2 protein chains.
Amino acid sequence: MVSIKTIAAACGVSIATVSKALNDHNDVSEATKQLVRETAKELGYLPNSQARALKTNKTFNIGVLFVDKAESGLTHNYFASVLDGFKVEAEKMGYDITFISKNLDSFSMTYLEHCKYRNVDGIVIACVDFSQPDVLELINSDFPVATVDFTGHEKISVVSDNINGMRELVEYIISKGHKKIAYIYGDLSEVTANRMDSYKKALSAAGIEIREDYLVEGKFHDPVSTEELTKKLLSLPDPPTCIIAPDDFSAIGTINAIESKGLSIPNDISIAGYDGIYLSQVLKPKLTTVRQDTKTIGKEAASLLINLIKKQIKCPCPPKIVKGELLKGETIKDLTKE
Amino acid sequence: MVSIKTIAAACGVSIATVSKALNDHNDVSEATKQLVRETAKELGYLPNSQARALKTNKTFNIGVLFVDKAESGLTHNYFASVLDGFKVEAEKMGYDITFISKNLDSFSMTYLEHCKYRNVDGIVIACVDFSQPDVLELINSDFPVATVDFTGHEKISVVSDNINGMRELVEYIISKGHKKIAYIYGDLSEVTANRMDSYKKALSAAGIEIREDYLVEGKFHDPVSTEELTKKLLSLPDPPTCIIAPDDFSAIGTINAIESKGLSIPNDISIAGYDGIYLSQVLKPKLTTVRQDTKTIGKEAASLLINLIKKQIKCPCPPKIVKGELLKGETIKDLTKE
DNA sequence: AAGCTTGTCGAAAACGTTTAGTGTATAAAT
DNA sequence: ATTTATACACTAAACGTTTTCGACAAGCTT
């Protein structure tokens with residue numbers, strides 16, 4: 001192992017000088033800085049992150065907490081994509097990420113304990129059940145924290161603009177002449193509450209009655225459940241002309257239910273999803289949906305969190321809202337032309 | 001911060017005794033062990049992983065390298081799923097994972113440098129271009145290494161059983177009376193080579209001629225490219241009766257191409273995929289494919305790598321082959337019944 | 001010439017652990 | 001009664017950094 005001691009010996013200076021030279025302090029001459037830097041490179045020196053962390057209390061590691069309901073782990077499309085955006089930005093700023101889990105080293109610990117054990121510099125939380133005590137403990141801890149799609153606390157939060165996204169989607173559907181629009185909503189959460197609210201407001205604004213039989217509770221990411229619920233909707237005495245699925249992936253269930261009845265999309269019935277994942281745009285017909293800007297959400301979360309860590313910003317601060325984009329697709333029939 | 005020093009003071013013993021008590025050494029009495037453990041718990045003590053790592057040279061961190069060609073990051077289905085299996089097993093054994101990247105902290109480093117900087121205890125490599133010099137440097141380094149789907153080195157490797165998987169798939173298709181079977185293969189790699197080999201052998205074994213026009217080069221994870229290639233296959237003077245796509249996700253492209261010609265699956269043409277992702281089984285009709293046991297692959301890689309780290313096994317050792325499972329689905333027409 | 005500033009460097013402590021070496025008391029063996 | 005073994009606990013060094021503080025020289029200012 002080549003350490004600063006090695007460099008010090010090679011250069012004939014003290015380890016203090018080496019350290020300061022490498023960290024570009026201003027009480028060491030330009031000449032020695034050069035010398036130190038060069039020999040460091042020659043010897044293939046790499047700083048020891050543990051020793052540095054021990055001394056400075058900065059690990060340049062960010063803890064990531066994510067536990068979705070379906071236990072799909074990293075396979076969860078929305079999260080994986082947000083995380084990827086986060087990771088890229090964090091790495092750019094010199095941070096690595098560490099997954100926060102419960103059972104490290106056989107003896108189990110809480111999320112907070114894991115963070116303390118690893119000494120992460122900050123924490124980002126996404127896609128969890130925010131009512132869990134373990135999660136709340138983390139949010140209310142002394143760590144710098146950023147949450148995704150969850151507000152109502154004094155930490156940093158980045159949210160997808162579900163309010164405007166859903167509003168635009170429903171307005172678009174209405175503009176195509178639909179009045180009987182069903183919504184299979186996902187697991188109860190802030191996200192779902194916002195979407196539901198926008199759904200209702202958009203209908204009301206257009207003078208359309210909100211029907212309880214068109215509003216059914218489903219699950220995110222679960223085509224099987226969604227297929228079942230779609231079938232129920234289709235067999236109502238007065239079935240809807242359009243069905244909004246919890247998300248794009250669940251929309252597969254909606255498609256299956258419709259096709260299994262021998263009906264076609266969008267001629268017999270229109271559908272929409274939410275997310276705008278790649279899959280939704282390679283399906284035929286292309287799914288009408290709202291693309292969530294996952295990369296930006298992740299990136300913003302990373303950038304804000306790191307700024308907080310570096311104390312370049314202060315909390316509380318207002319949530320950062322990341323706009324989505326309506327993808328019109330081909331699954332909404334235009335009823336106005338009939 | 002409560003450290004062993006705090007505990008030592010509270011218990012009236014030296015820090016050495018505290019350390020040994022907590023690590024269950026046998027030169028400290030059961031009584032003091034009890035006392036130390038209890039006060040440690042009371043005070044909410046957590047070991048400082050950096051300090052420990054500095055002293056022991058073990059970080060309980062495993063580096064994960066993954067860079068797929070499509071730059072899809074964590075969104076890559078196969079990898080995300082393998083990684084998840086890896087992560088779960090690693091956590092169970094007390095290890096966290098760290099993503100290995102190139103540009104940490106603005107000043108860029110090689111993969112190997114990143115690993116040295118973070119002092120990972122071992123490295124797992126999957127889904128990368130194994131011909132990259134940076135990757136080879138890592139494989140040939142002194143770190144304990146495990147690779148997924150790549151052999152030919154002296155380190156640990158875990159591979160999906162593409163040889164038998166593809167063989168079973170093609171045999172199944174042949175058993176349904178098909179003789180004109182096309183294969184759109186993915187990016188050139190060990191995986192593709194094995195599948196291609198099995199494809200050819202299975203055909204030959206059945207006395208079926210291997211036609212160059214049925215063997216076309218495509219890309220993994222790319223429905224658009226696959227759609228194009230499928231169209232070409234369909235417009236051959238003597239088109240195939242069955243098309244095998246590079247993977248399940250690309251198979252969407254195959255489906256699109258077929259349906260856009262007004263043909264139906266499997267009545268007019270049969271198809272198959274590879275991977276067995278969730279999506280493939282919620283599509284209608286269900287895709288015929290080979291499920292790769294990603295969880296097991298990840299789990300085995302973790303378990304073997306950690307055993308290597310703990311020196312409970314030695315390299316070189318033969319590759320661990322993880323069997324897949326033929327999912328018969330509904331996309332292969334039975335031609336023998338006509 | 002004395003004091004002051006500025007620039008450059010090193011000694012040493014500290015971060016929280018682990019561990020080798022040493023000492024001491026008690027029990028067992030001669 | 002002396003030696004030997006055993007059990008237990010402590011001292012101190014070490015891991016690789018960062019950082020405070022003081023030292024010293026050279027150049028200024030009065």
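Just so it is clear, the structure is predicted and the values come from calculations on it, not from any experiment. Chain letters run A, B, ... following the sequence lines, proteins first, then strands; residues in each count from 1.
Residue-level contact check: B/Ser14 touches the bases, meaning some heavy atom is under 4.0 Å from a base atom. Among the heavy atoms of the strands lying under 4.0 Å from A/Ser29 are primed sugar atoms or P, OP1, OP2 only; no base atom is included. Counting non-hydrogen atoms under 4.0 angstrom, B/Asn48 reaches the backbone sugars and phosphates but no base. Using a 4.0 Å heavy-atom distance criterion, A/Asn23 is classed as a sugar-phosphate-only contact. Residue-level contact check: A/Asn26 touches neither bases nor backbone, having no heavy atom under 4.0 Å from any strand.
Screening B/Pro316, B/Cys317, B/Pro318, B/Pro144 for a side chain to side chain contact (heavy atoms under 4.5 Å, CB included) with B/Ile156, the sole residue that qualifies is B/Cys317.
Atom NE2 in B/His25 sits about 16 Å away from atom C1' in D/dA7, given to the nearest Å. The separation between B/Gln34 atom CD and D/dA9 atom C1' is 18 Å, rounded to whole Å. In this structure, B/Lys58 atom NZ and C/dT19 atom C1' are separated by 14 Å, rounded to whole Å. One interatomic measurement links the two molecules: OH of B/Tyr117 to P of D/dG16, which rounds to 16 Å at whole-angstrom precision. Look at CG on A/Asp24: it is 13 Å from P on C/dT8, rounded to the nearest Å. Taking atom CG on A/Leu22 and atom P on D/dT18, their separation rounds to 8 Å, with Å as the unit. Counting to the nearest Å, the P atom of D/dC15 and the CD1 atom of A/Ile4 are 12 Å from each other. A/Lys20 has its NZ atom 12 Å from the C1' atom of C/dA12, to the nearest Å.
A sub-4.0 Å separation between OP1 or OP2 of D/dT18 and a side-chain N or O of A/Arg52 is present. Of the side-chain N and O atoms in B/Ser19, one or more sit less than 4.0 angstrom from OP1 or OP2 of C/dT18. Distances shorter than 4.0 Å separate some side-chain N or O of B/Thr32 from OP1 or OP2 on D/dA9. Phosphate proximity of D/dT17 to A/Tyr45: present, with a side-chain N or O under 4.0 Å from OP1 or OP2. Under 4.0 angstrom from either OP1 or OP2 of C/dT18 there lies no side-chain N or O belonging to B/Thr56.
For the 3.5 Å distance criterion, the side chains of B/Asn61 and B/Thr98 qualify, holding a donor opposite an acceptor. Between A/Glu190 and A/Thr151, the side chains place a donor N or O and an acceptor N or O closer than 3.5 Å (distance only, hydrogens not considered). The closest side-chain donor-acceptor pair between B/Asp96 and A/His114 falls under 3.5 angstrom.
Place A/Met1 and B/Ile15 on DNA chain D by their nearest nucleotides, and B/Ile15 ends up nearer the 5' end. In this structure, A/Lys5 and B/Thr17 both approach DNA chain D, and ranking their closest nucleotides by distance from the 5' end singles out B/Thr17. Between A/Leu54 and A/Asp27, it is A/Asp27 whose nearest contact on DNA chain C lies nearer the 5' terminus.
Evaluation of atom-type donor-acceptor distances gives no pair under 3.5 Å for the side chain of A/Lys55 against the base of C/dG16.
Taking both residues in full, the closest heavy atoms of A/Val148 and A/Ala126 are given as CB-CB, 3.7 Å, listed atom of the first, atom of the second, then distance.
Between A/Phe79 and A/Phe86, the ring center distance fails the sub-6.0 Å criterion.
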